[in-house]
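Heads up, the thing below is written out as C-alpha cells.
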Amino acid sequence: MGCQMNVLDSELVAGQLRRAGYEPAVDMASADVVLINTCSVRDHAEKKALSRIGQLKKPKQVNPDLIVGVIGCLAERDPEGLIAKVPHVDLICGPGELHKIPAMIEEVRASRERVIALASSQSRRGSLLERSRQYDSLEALELSREPAPGDRVLQSYIRVQRGCDKFCSFCVVPFTRGPERSRAPQQIVDEARMLVDRGAKEVTLLGQTVNSYLNQQNGRTVRFSDLLERVAAVPGLERLRFVTSYPGDFTEDIFQAMRDLPPVCEYLHLPVQSGSDAVLKRMKRVYTVGRFVELIDRGREMVPGITFASDFIVGFCGETQAEFAETVALIERCRFKNIFVFKYSERPGTVAAKRVPDDIPAEVKRRRNSELLAMQKRISLADHQALIGRTVEVLAEGYSKAATKAQQAEQARGDEVGWRRSDQLVGRTRGDRIVVFTGGPELIGRLVSIRITGATALTLFGDVVQAVAPSAGESLPIVA
Ligand code: SF4
C-alpha cells in the first residue's frame with residue numbers, strides 16, 4: 001500500500017524471501033506468510049491497512065501456523081496501536097529494518113512469539129550519521145537486488161535517497177523513514193545498468209525530496225543533475241524519470257538536464273500543497289507561491305513539452321475560504337497535467353498535531369476536494385483534446401485495465417473473447433499521459449508512435465503510426 005517507496009520495498013522484501021527459499025503463493029488461503037506493507041501518510045491509508053490486516057484474523061484462526069506480518073510506515077509509527085487493534089499480528093517491522101524479515105519469520109516460527117524490529121526503537125542519541133545508519137540497513141537489500149526471471153522490470157524504481165529532513169508540519173515521513181541520506185552515485189548507476197540488462201526500458205529514481213540529492217565522491221560534490229547525467233548514460237536506457245521533487249530545493253541545472261539528456265522525460269511531479277503563502281508557512285514548506293510559479297514558468301521556457309503534476313492538501317489547519325481561493329487561482333494559473341488532492345488528516349506526533357488544531361469541518365474539506373478535482377478535470381480534458389491529431393511517443397506497458405476486465409468478464413461468462421478488446425494496450429507518453437491504443441502483444445515493452453484520435457480527462461486514445469519508435473530523443477515528434 002502507499003507510495004512508490006513501498007512498491008520498491010515490497011519488491012526488495014520479495015526478492016530477499018525468494019533467495020531464502022520462499023515462493024509467492026497463488027492466493028492468501030495457501031500462504032504460510034502474509035506481509036502487509038503499510039502506509040501511514042494519511043489517516044485513511046492507516047484505516048485501509050488496518051482493515052486488510054483485520055481480514056487475516058479468520059484465516060489465522062483456521063490456520064494458527066499462518067504468520068501475519070505488518071511492515072512499512074504504520075509498523076514504525078504505531079506498533080502499540082497495531083498490537084491493540086490487530087493482536088493476531090506476529091511480526092512488526094519498520095521500513096528501515098526490512099533486511100531482518102527472513103530471520104524474523106524463522107524466529108516467530110520457532111518461538112511462537114510476536115517479533116518486532118523498528119529503527120526508531122534504537123537509541124535516539126548519537127550523531128546524525130549514527131542515527132541515519134539505524135535506518136540504513138536497506139542498503140544491503142538494494143546491493144543484493146536481483147530480479148527473478150518473470151519479474152516485471154520494464155519500468156523499474158531505484159531508490160537514490162532515503163528519509164527526509166524537511167519536517168513539514170503535517171508529515172510523518174521523517175519519523176518513519178529517518179533522516180535524509182543520499183546513496184553513492186556509482187551504486188545507483190550499477191543498479192540502473194543491472195536493471196537495463198534485465199530488460200528495463202524506463203527507470204524512475206525515487207527520493208522523498210529526490211532533487212535534494214547530494215553526495216560527496218572522491219572529494220567532489222555530486223548534485224542531482226550530475227546523477228541524472230550519469231544514469232542517463234547507461235546504454236539501452238530509453239526513459240529516465242524521478243519523483244518526488246521539493247519546490248524549495250529545485251534548481252535550474254535540473255531543467256537543463258531534462259532538456260539536454262535524451263532519456264530524461266519531460267515530466268515533473270512538484271507538490272506545492274497550497275496556493276497560499278500563509279498556509280505554506282503553517283505547513284513549514286520553505287518556499288512561496290511566487291517562487292513556485294516562477295519555477296513552473298522557467299521549466300516551460302527551458303524544457304519544450306514539459307508537463308507538471310502537483311499535490312494539494314485541502315482543509316489544512318485554519319485554511320480560510322480566501323486561502324483556499326488562492327489555491328484555486330494557482331491551479332488555474334499553472335495548468336497541471338494532473339493533481340493529487342488530499343483532505344488533511346492529523347498525523348500523531350507531527351508538529352501540526354502538536355501545535356495547530358485540525359479545525360476545518362469534514363464537509364468543508366470534502367467540498368474543497370471536489371472543487372479542485374472538478375476544476376482539474378476541466379483543465380485536463382481541454383489539454384487532452386488539444387492533442388487530438390498529434391503524434392506522441394508511448395512506451396507500451398501492457399494490456400489496458402478496461403480491456404483486461406472486459407476480457408475476464410467475457411471469459412467468466414464463457415463468451416468468446418473479442419479480439420479488439422483483448423488487444424487494447426496501454427502506455428504512457430514521456431510527459432506521463434496515459435494512452436490506450438489497439439495493438440498486439442509484440443508491442444509490449446517497446447516505444448511506439450501513436451496518433452491521438454480521442455481524449456477524456458484521464459486518458460488519450462490513439463492508433464499506432466509506427467510500430468517501433470526510434471531511440472529516446474531521436475527524430476520522433478514529442479508533444480506530450
Ligand atoms: S518534504 Fe515534507 S511532505 Fe515530503 S516527505 Fe519530507 S516532510 Fe513529508
Side-chain angles (χ1 to χ4, degrees), residues 1-9 37-46 72-74 76-78 94-96 119-120 128 131-132 135-136 138 157 159-183 204-214 224 242-251 254 268-277 279-289 291-292 295 308-317 319 327 339-356 358:
M1 308 175 110
C3 64
Q4 292 99 332
M5 282 286 178
N6 264 15
V7 174
L8 177 58
D9 285 348
N37 195 1
T38 59
C39 172
S40 193
V41 79
R42 267 167 281 280
D43 186 46
H44 179 66
E46 288 196 356
C73 288
L74 176 57
E76 186 72 38
R77 191 193 74 69
D78 190 19
S120 56
L128 185 64
R131 280 188 289 127
S132 298
Y135 290 84
D136 266 356
L138 284 178
Y157 294 129
R159 192 182 341 255
V160 303
Q161 185 201 50
R162 303 185 185 87
C164 181
D165 281 342
K166 299 284 187 260
F167 286 93
C168 299
S169 66
F170 54 82
C171 184
V172 79
V173 168
F175 304 98
T176 59
R177 291 193 178 260
E180 179 185 308
R181 297 86 68 202
S182 294
R183 292 179 67 199
T204 301
L205 305 182
L206 296 184
Q208 234 67 54
T209 54
V210 71
N211 56 313
S212 323
Y213 175 94
L214 202 64
F224 184 62
F242 52 96
V243 284
T244 295
S245 295
Y246 183 75
D249 291 346
F250 206 91
T251 46
I254 303 174
L268 187 60
H269 182 207
L270 200 62
V272 60
Q273 308 298 2
S274 170
S276 153
D277 282 340
V279 175
L280 290 179
K281 208 167 170 193
R282 294 203 289 282
M283 288 177 168
K284 299 209 175 302
R285 304 278 290 183
V286 291
Y287 52 86
T288 60
V289 177
R291 158 83 182 136
F292 180 84
L295 265 180
F308 291 95
S310 196
D311 295 353
F312 290 87
I313 295 175
V314 289
F316 185 68
C317 312
E319 185 191 60
T327 297
I339 58 172
F340 302 90
V341 186
F342 306 99
K343 295 179 283 254
Y344 174 65
S345 65
E346 192 172 274
R347 305 288 56 231
T350 57
V351 174
K354 287 179 194 154
R355 302 212 186 129
V356 271
D358 177 12

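Every number for a ligand or one of its atoms is a count from 1 in the order of the listing.
- The side-chain contact (heavy atoms from CB on, under 4.5 Å) test with Tyr157 is passed by exactly one of Leu205, Val243, Val7: Val7.
- Residues Phe242 and Phe224 meet the side-chain proximity criterion, which asks for heavy atoms closer than 4.5 Å.
- Using a cutoff of 4.0 Å between basic side-chain nitrogens and carboxylate oxygens, Glu319 and Arg282 are not scored as salt-bridged.
- Short contacts between ligand 1 and Lys166, defined as distances under 4.0 Å to a heavy atom of the residue, involve ligand atoms 1 (S), 6 (Fe).
- Distances below 4.0 Å separate heavy atoms of Pro174 from the following atoms of ligand 1: 7 (S).
- Using a cut-off of 2.8 Å, one finds that Cys171 contributes no N/O/S atom close to atom 2 (Fe) of ligand 1.
- For the pair Cys73 and Val173, the minimum side-chain heavy-atom distance is 4.5 Å or more.
- Within ligand 1, counting atoms from 1 as listed, the ones closer than 4.0 Å to a heavy atom of Val173 are 5 (S).
- No close placement of the His44 and Phe342 rings is indicated, their centers lying 6.0 Å or farther apart.
- With ligand atoms numbered from 1 in the order given, ligand 1 contributes 1 (S) to contacts under 4.0 Å with heavy atoms of Thr209.
- At a heavy-atom distance under 4.0 Å, only backbone atoms of Phe167 (N, CA, C or O) approach ligand 1.
- Here is the list of ligand 1 atoms found below 4.0 Å of a heavy atom in Phe170: 3 (S).
- The distance from ligand 1 to the heavy atoms of Cys164 drops below 4.0 Å at these ligand atoms: 1 (S), 5 (S), 6 (Fe), 7 (S).
- Closest to atom 2 (Fe) of ligand 1 among all protein heavy atoms lies Cys168 SG, 2.3 Å.
- Distance check, rounded to the nearest 0.5 Å: CD of Gln208 to CD of Gln161 gives 7.5 Å.
- Of all atoms in ligand 1, numbered sequentially from 1 with element shown, those under 4.0 Å from a heavy atom of Gln208 are 5 (S).
- Residue Arg285 approaches ligand 1 through these ligand atoms, each under 4.0 Å from one of its heavy atoms: 1 (S), 2 (Fe), 3 (S).
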